[in-house]
*Asks:* 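The structure is given below, and queries will be raised subsequently.
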Amino acid sequence: MAAAEDELLLPRLPELFETSKQLLDEVEIAAEPTGSRIIQDKVFKGLDLLKKAAEMLSQLDLFSQNEDLEEIASTDLKYLMVPAFQGAFAMKQVSPSKRLDHLWWAREHFLNYLTQCQYYHVAKFELPQTKTNLAENNTADSSMAYPSIVAMASQRQAKKERYKQKKEVEHRLSALKSAVESGQADDEHVREYYLLHLRRWIGISLEEIESIDKEIKILREKDSTNEASTSQSSHQDRPPMKPFVLTQNVAQAKVFGAGYPSLASMTVNDWYEQHRKFGALPDQGIATTMSEFKRAAQQQEDQEHEEEEEDEQAVRRAREWDDWKDTHPRGCGNRQNMG
């Protein structure tokens, strides 16, 4: 008796689906940021409700691969969208450390929904690659410098077709919505209404998977870059190695390598000019002692210093004379004997 009462208290499948659908609509049109507490609470609640709905669908065995789309009741068609709703909620989760896991989980549910729709021939479309095939193709594409022009053109054409179909589906849905939700539509219009929803979510799932694949590629490249920078920083923490020069023998190192005892401080011409000034060249007579050599160098230095001082004094006197002429015009001297 108690078990029967608990079963009556449990939410039914239609309630789980409609509540989760309403939460998804609220999240999609919300003005608050996706990372806000209000939105994230709705996301977690929607995922929980859809998980219960998926378990209930599995227990009821509502959809079978042994039946066609025409054999499914019109009111049950909407439950095919449960995996798509799960993927949409998963994309709204905010957790940078688990972002890659959320992307893979959402992609798996979108792909599950598309696989079901393709099996029941809901619409014609090309099924995206699985996780294994995607990883293999990413490895192969990394060796290609440029994407195929034909592939880019086909993708662009497919996007245009999906956009056109999306507008047509949304227009037809808006026309049927009021009649179906009010319960005034017949079975034919109810079936058309839910089939249009299925086709609409096919386009959404294809676009989401395309976006997910791009984001996964970016996150993988970011992780590989971080690993390379981490390994590089660990190498930089090591003490620097002392530079060395590979030489054939010690004599070669002394002449050509870093082991040369000293570097030249002047050129040969500079050395010759200096000794010529001091009269220390062989044809000028050799200075008798080192002190005489130093004395001659000091005298040369003093002479250059005196010449610099004389030049400075001459420049100063010339400036003073120019200043005096500016303040004393010509003929402004003694004017007593001028009539």
Side-chain angles (χ1 to χ4, degrees), residues 12-34 38-39 42-43 45-47 49-50 53 57 62-63 68-92 106 109-128 155-212:
R12 298 184 305 164
L13 182 59
E15 295 175 357
L16 292 173
F17 180 83
E18 293 299 332
T19 305
S20 60
K21 182 178 181 299
Q22 182 180 357
L23 288 172
L24 183 59
D25 293 338
E26 292 176 0
V27 169
E28 291 289 348
I29 65 174
E32 295 86 357
T34 307
I38 299 175
I39 300 300
K42 291 182 179 180
V43 169
K45 184 178 179 180
L47 287 172
L49 293 175
L50 289 171
L57 286 172
L62 197 59
F63 304 111
D68 297 329
L69 184 65
E70 291 76 12
E71 300 177 28
I72 301 175
S74 300
T75 54
D76 293 340
L77 287 173
K78 58 186 177 182
Y79 300 126
L80 287 171
M81 293 184 284
V82 168
F85 287 1
Q86 288 178 300
F89 272 118
M91 292 295 292
K92 299 297 182 181
H109 283 79
F110 282 129
L111 188 61
N112 183 19
Y113 170 72
L114 292 173
T115 303
Q116 284 185 339
C117 290
Q118 191 179 58
Y119 174 79
Y120 286 115
H121 304 287
V122 176
K124 292 182 180 180
F125 61 93
E126 185 176 354
L127 196 67
Q155 290 176 2
R156 181 177 178 82
Q157 184 64 27
K159 287 182 180 180
K160 291 171 65 177
E161 290 294 333
R162 286 203 303 265
Y163 181 78
K164 182 179 178 181
Q165 293 174 4
K166 178 182 177 182
K167 290 300 181 182
E168 294 176 354
V169 168
E170 290 178 351
H171 179 71
R172 183 58 181 163
L173 280 173
S174 63
L176 295 173
K177 182 177 180 180
S178 60
V180 173
E181 292 182 352
S182 62
Q184 298 177 357
D186 56 8
D187 183 74
E188 183 180 353
H189 286 96
V190 171
R191 190 174 190 82
E192 181 186 2
Y193 179 74
Y194 288 124
L195 285 174
L196 289 171
H197 268 295
L198 292 176
R199 290 166 187 162
R200 175 176 176 268
W201 274 98
I202 287 174
I204 294 175
S205 300
L206 290 172
E207 292 177 357
E208 289 291 346
I209 287 180
E210 185 178 350
S211 177
I212 288 172

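Quick note: residue numbers are just sequence positions, from 1. The structure presented is a predicted model; accordingly, all values stated were derived computationally and were not measured.
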*Asks:* What heavy-atom pair brings Ala73 and Arg191 nearest, and what distance separates the two atoms?
*Replies:*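 Minimum heavy-atom contact is C-NH1, 3.9 Å.
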*Asks:* Please report the interatomic distance CG(Leu176) to NE2(His171), rounded to the nearest 0.5 Å.
*Replies:*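 Atom-to-atom, Leu176:CG and His171:NE2 are 10.0 Å apart.
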*Asks:* Using every non-hydrogen atom in the two residues, find where Pro33 and Ile39 come nearest and quote the distance to one decimal.
*Replies:*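 For Pro33 versus Ile39, the nearest heavy atoms are O-CG1, 3.4 Å.
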*Asks:* Surrounding CD of Glu126 (heavy atoms of other residues, nucleotides or ligands, distance under 6.0 Å), is the total greater than 12?
*Replies:*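 No, CD of Glu126 has 12 or fewer neighbouring heavy atoms, counting only those of other groups under 6.0 Å.
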*Asks:* Could you tell me which non-hydrogen atom of Ala106 sits nearest to which non-hydrogen atom of Ile212, and how far apart they are?
*Replies:* CB-CD1, 4.2 Å
*Asks:* Does some side-chain heavy atom of Pro128 sit less than 4.5 Å from a side-chain heavy atom of Leu111?
*Replies:* yes
*Asks:* What class does the angle between the rings of Tyr79 and Phe17 fall in, given that below 30° is parallel, 30 to 60° is tilted and above 60° is perpendicular?
*Replies:*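 If you compare the ring of Tyr79 with that of Phe17, the planes turn out perpendicular.
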*Asks:* Of all the heavy-atom pairs spanning Tyr120 and Leu69, show the shortest one and how long it is.
*Replies:*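 Heavy atoms of Tyr120 and Leu69 come nearest at O-CB, 3.5 Å.
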*Asks:* Quick one: pull up CG in Leu114 and NE2 in His109 and give me the separation to the nearest 0.5 Å.
*Replies:* 13.0 Å
*Asks:* Distance-only check: which donor-acceptor pairs under 3.5 Å involve side-chain atoms of residues 195-208, not counting sequence neighbours?
*Replies:*
| unit_1 | atom_1 | unit_2 | atom_2 | d |
| --- | --- | --- | --- | --- |
| His197 | NE2 | Tyr193 | OH | 3.2 |
| Arg199 | NE | Val122 | O | 3.3 |
| Ser205 | OG | Trp201 | O | 2.7 |

*Asks:* To the nearest 0.5 Å, what is the distance between NE2 on His189 and OH on Tyr194?
*Replies:* 14.5 Å
*Asks:* With side chains defined as the heavy atoms from C-beta onward, is the minimum distance between Phe125 and Gln165 less than 4.5 Å?
*Replies:*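 When only atoms from C-beta onward are counted, Gln165 and Phe125 do not touch, as no gap falls below 4.5 Å.
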*Asks:* Output the distance between atom CE (Met81) and atom NZ (Lys21), rounded to the nearest 0.5 Å.
*Replies:* 7.0 Å
*Asks:* For the CD atom of Glu26 and the CD atom of Glu32, what is their distance to the nearest 0.5 Å?
*Replies:* 10.0 Å
*Asks:* Considering non-hydrogen atoms only, spot the tightest contact between Gln86 and Leu47 and give its length.
*Replies:* O-CD2, 3.8 Å
*Asks:* Please indicate whether Leu62 has more than 12 foreign heavy atoms, meaning atoms of other residues, nucleotides or ligands, lying under 6.0 Å from its CG.
*Replies:*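 Yes - once you tally the heavy atoms of other residues, nucleotides and ligands closer than 6.0 Å, there are more than 12.
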*Asks:* Which heavy atom in Leu49 sits nearest to a heavy atom in Ser20, and how many Å separate them?
*Replies:*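 It is CD1-N, 4.1 Å.
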*Asks:* Which pairs with one or both residues in residues 179-188 pass salt bridge (Lys or Arg N to Asp or Glu O under 4.0 Å), sequence neighbours excluded?
*Replies:* none
*Asks:* To the nearest 0.5 Å, tell me how far Leu13 CG sits from Glu18 CD.
*Replies:*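 Answer for the CG-CD pair, Leu13 versus Glu18, is 10.0 Å.
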